[in-house]
Amino acid sequence: MSKRILCIYGTRPEVIKMAPVVQALSRRPEFEVRTCDTGQHREMSGPVIEWFGLRTDHQLGLMTPSQGLSQFMAQALAKIDEVLAETAPDLLVCQGDTTTAAAAALAAFHRQIPVAHVEAGLRTGDRHAPWPEEINRRVIDLVADRYYAPTRSAADALLREGVPAASILITGNTAIDALLWTIKKLEANSPAFASGHDRPFVLITAHRRESFGAGMQSIADALVTLAGRFPDTDWIFPVHLNPNVHEVMHTRLGGLPNVKLLEPLDYPRFCQLLSRCTFVLTDSGGVQEEAPALGKPVLVLREVTERPEGVAGGTVKLVGCSAIRIVEEATRLLQDPAALKAMSVPGNFYGDGTAAEQIAADLAAVTSNGNGGKRFVVSPA
Ligand code: UD1
Ligand code: UDP
């Protein structure tokens, strides 16, 4: 009898990182896969769902403008609980550290449905950075039954918190599966893989809640200075739809000739630009994983990161939100070819593109010892 697995996503990065898992699980006859989209990112995740050809079985449509964390969490808990009641899954799979993922894990826990956590064990050790994600991750890892750690250091963090070693599998990050699959598909259609942007450019993204206000202003100040100092470089910035980002960036940077403020890009287009840029300025988690895989230096607009491997490998540098520091480090990369070259070394820190297959194979192994085929126990492999 097949096992029913419910995969939950809601934001753009969750869709990107969950898509390879849904695909890998769906290839196995022992699983009946259902998907649920909370709709946390109604606009931004739609094109990604389409790109990966995901079929969404349950669309909760929960996004509201400028949504509050508790308001969204409360709605997500209630609505996911309804989906759990209706579908009665044998297992729930959530990814990462968003409010969608934390609500899903809690809702499953309340119904005593086993939880598998993809991208388990990421920690900064600072519960306010990233906020609220650091606590979301810990909550999910308190209730999870099976832990898919992307790296050794993530697995070590889980072990330190008392998670049994037998419940953890180090797989790499499914972000790399999605990236390699996407690049391959784009390369197969090579004319479309042209950058479409002839001038040298720096790619920028920013959206962290703990940087709203002064931090975002400071990032904008740095970009004003850099754009003026380097008029032959374009500063391409697909702006997150969160009004706390969108309004600040459009007000401060709109009208600067070499700052290109764009709407959020389709994932394949973003991958194209990432593979062609000089370097990246970002506070994104996912981009910190993708850029090193493509040999692109990253200046991280945060004080701490839960992804230390890129920093240790020399491709990633933490610069925080101080305008002075951002300008200094970006200037170094643009003026000193040796500094740029030293950070432009491809690094396989976050996996080899087989994470989702490993997860599907592991779930097949640990769920095959079901309890009379009714409810199955996620036991150590
Ligand atoms: C959320 C996640 C964060 C993740 C980020 C990825 C939480 C608490 N935060 O960030 O972990 O890194 O997504 O991007 O789960 N909006 C739209 N359309 C969209 C998406 C957002 O209009 O498609 C606007 C809405 O006004 C929405 C606001 O952006 O209320 C914020 O969306 P939200 O999902 O809360 O994003 P973040 O917390 O910024
Ligand atoms: N991304 C995208 N379009 C954009 C910006 C980013 O498709 O305009 C992708 C990017 O390749 C990465 C993911 O979105 O896979 C990162 O999302 P985000 O930075 O919003 O969230 P985080 O990773 O910080 O949770």
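These numbers come from the heavy atoms of this one structure, side chains and all, not from hydrogens, waters or symmetry mates. Start at 1 and go down the list; that is how both ligands and their atoms are numbered. Note that the structure is predicted; figures quoted are calculated from it, not measured. We number each residue from 1, following the sequence as shown.
Among protein heavy atoms, atom 3 (N) of ligand 2 sits closest to L265 O, 2.9 Å. Scanning all protein heavy atoms for the shortest distance to atom 29 (O) of ligand 1 gives N242 CA, 3.1 Å. Looking only at heavy atoms of the protein, atom 7 (C) of ligand 1 is closest to Q40 NE2, 3.5 Å. In this structure, the protein non-hydrogen atom closest to atom 24 (C) of ligand 1 is L241 O, 3.6 Å. For atom 38 (O) of ligand 1, the nearest protein heavy atom (residue, atom name, distance) is R209 NE, 2.5 Å. Of all protein heavy atoms, the one closest to atom 9 (C) of ligand 2 is I16 CD1, 3.7 Å. Looking only at heavy atoms of the protein, atom 14 (O) of ligand 1 is closest to H240 NE2, 2.9 Å.
Taking OH of Y9 as the start and CD1 of I16 as the end, the distance is 13.0 Å to the nearest 0.5 Å. Separation of atoms CD (E134) and CG (N136) is listed at 10.0 Å; rounding is to 0.5 Å. Distance CG/L340 to CD/Q335: 12.0 Å, rounded to 0.5 Å. Atom CD1 of I219 sits about 9.0 Å away from atom OG1 of T282, to the nearest 0.5 Å. Considering CD of Q217 and CZ of F212, their distance stands at 12.5 Å, rounded to 0.5 Å. Taken to the nearest 0.5 Å, the CD atom of Q67 stands 7.0 Å off from the NE2 atom of H41.
In summary, the side chains of T99 and Q40 do not present any donor paired with an acceptor at a separation below 3.5 Å, with no hydrogens or angles considered. Counting only N and O atoms by type, the side chains of D126 and T124 include no donor and acceptor under 3.5 Å apart. Checked by atom type, the side-chain pair D37/H58 shows no donor-acceptor distance below 3.5 Å. E263 and H240 form no side-chain donor-acceptor contact under 3.5 Å, judged by distance and modelled atom types alone. Donor-acceptor pairing under 3.5 Å is lacking for the side chains of T98 and T11.
For ligand 2, the atoms closer than 4.0 angstrom to any heavy atom of P238 are 8 (O). Proximity to P243 (heavy-atom distance under 4.0 Å) selects the following atoms of ligand 1: 26 (O), 29 (O). Proximity to L69 (heavy-atom distance under 4.0 Å) selects the following atoms of ligand 1: 8 (C). Proximity to F270 (heavy-atom distance under 4.0 Å) selects the following atoms of ligand 2: 1 (N), 2 (C), 3 (N), 4 (C), 5 (C), 6 (C), 7 (O), 8 (O), 10 (C), 11 (O). Of all the atoms in ligand 2, the ones that sit under 4.0 Å from a non-hydrogen atom of P264 are 8 (O). The atoms of ligand 1 that sit less than 4.0 Å from any heavy atom of T98 are 11 (O), 15 (O). Each of the atoms 6 (C) of ligand 1 lies under 4.0 Å from some heavy atom of P13. Here is the list of ligand 2 atoms found below 4.0 Å of a heavy atom in G285: 22 (P), 23 (O), 24 (O). Residue Y267 has at least one heavy-atom neighbour below 4.0 Å for each of these atoms of ligand 2: 7 (O), 11 (O), 15 (O). The atoms of ligand 1 that sit less than 4.0 Å from any heavy atom of T99 are 7 (C), 8 (C), 15 (O). Heavy-atom proximity to E43, at under 4.0 Å, picks out these atoms of ligand 1: 17 (C), 18 (N), 19 (C), 22 (O), 23 (O). Against a heavy-atom cut-off of under 4.0 Å, P132 is close to the following atoms of ligand 1: 8 (C). Residue S66 approaches ligand 1 through these ligand atoms, each under 4.0 Å from one of its heavy atoms: 25 (C), 26 (O), 27 (C), 30 (O).
By the neighbour-count criterion of 12 heavy atoms within 6.0 Å, atom NZ of K185 is densely surrounded, having more than that number from other residues, nucleotides or ligands. In E50, the CD atom is not crowded: 12 or fewer heavy atoms of neighbouring residues, nucleotides or ligands sit closer than 6.0 Å. In E30, the CD atom is crowded: over 12 heavy atoms of neighbouring residues, nucleotides or ligands sit closer than 6.0 Å. Enclosure of atom NZ in K79 is not indicated, since only 12 or fewer non-hydrogen atoms of other residues, nucleotides or ligands lie within 6.0 angstrom.
L6 pairs with exactly one of L92, V93, D57 by the side-chain contact (heavy atoms from CB on, under 4.5 Å) rule, that one being L92.
Contacts of M44 with ligand 2, taken as heavy-atom pairs under 4.0 Å, are absent altogether. Only the side chain of E290 comes within 4.0 Å of ligand 2, counting heavy atoms alone; its backbone N, CA, C and O stay farther away. Using a 4.0 Å cut-off between heavy atoms, S45 makes no contact with ligand 1 at all.
Taking a cutoff of 4.0 Å between a charged side-chain nitrogen and a carboxylate oxygen, R152 and E309 do not qualify as a salt bridge. Taking the charged nitrogens against the carboxylate oxygens, E357 and R27 do have a contact shorter than 4.0 Å, which makes a salt bridge. No salt bridge links R28 with E32; every basic N to acidic carboxylate O contact stays at or beyond 4.0 Å.
Inclusion of R12 in the set of residues having an N or O under 3.5 Å from an N or O of ligand 2 is warranted. The shortest N/O to N/O separation between T205 and ligand 2 does not fall below 3.5 Å. By the 3.5 Å distance cut-off applied to N or O atoms, N136 is not counted among the residues near ligand 1. Geometrically, ligand 2 and H207 share a nitrogen or oxygen pair separated by less than 3.5 Å. The shortest N or O to N or O distance between T11 and ligand 1 is not under 3.5 Å. At least one N or O atom of Q67 sits closer than 3.5 Å to an N or O atom of ligand 1.
Judged by the shortest distance from any of its heavy atoms, N244 lies outside the 4.0 Å radius around the atoms of ligand 1. Within the 4.0 Å heavy-atom cutoff, E133 does not count among the residues contacting ligand 2. In this structure, R208 is part of the shell of residues with a heavy atom less than 4.0 angstrom from ligand 1.
Compare S284, P47, G286, P13 by their heavy atoms: the one nearest to atom 19 (O) of ligand 2 is in S284. Among H207, M63, E133, H41, the residue whose heavy atom lies closest to atom 16 (N) of ligand 1 is M63.
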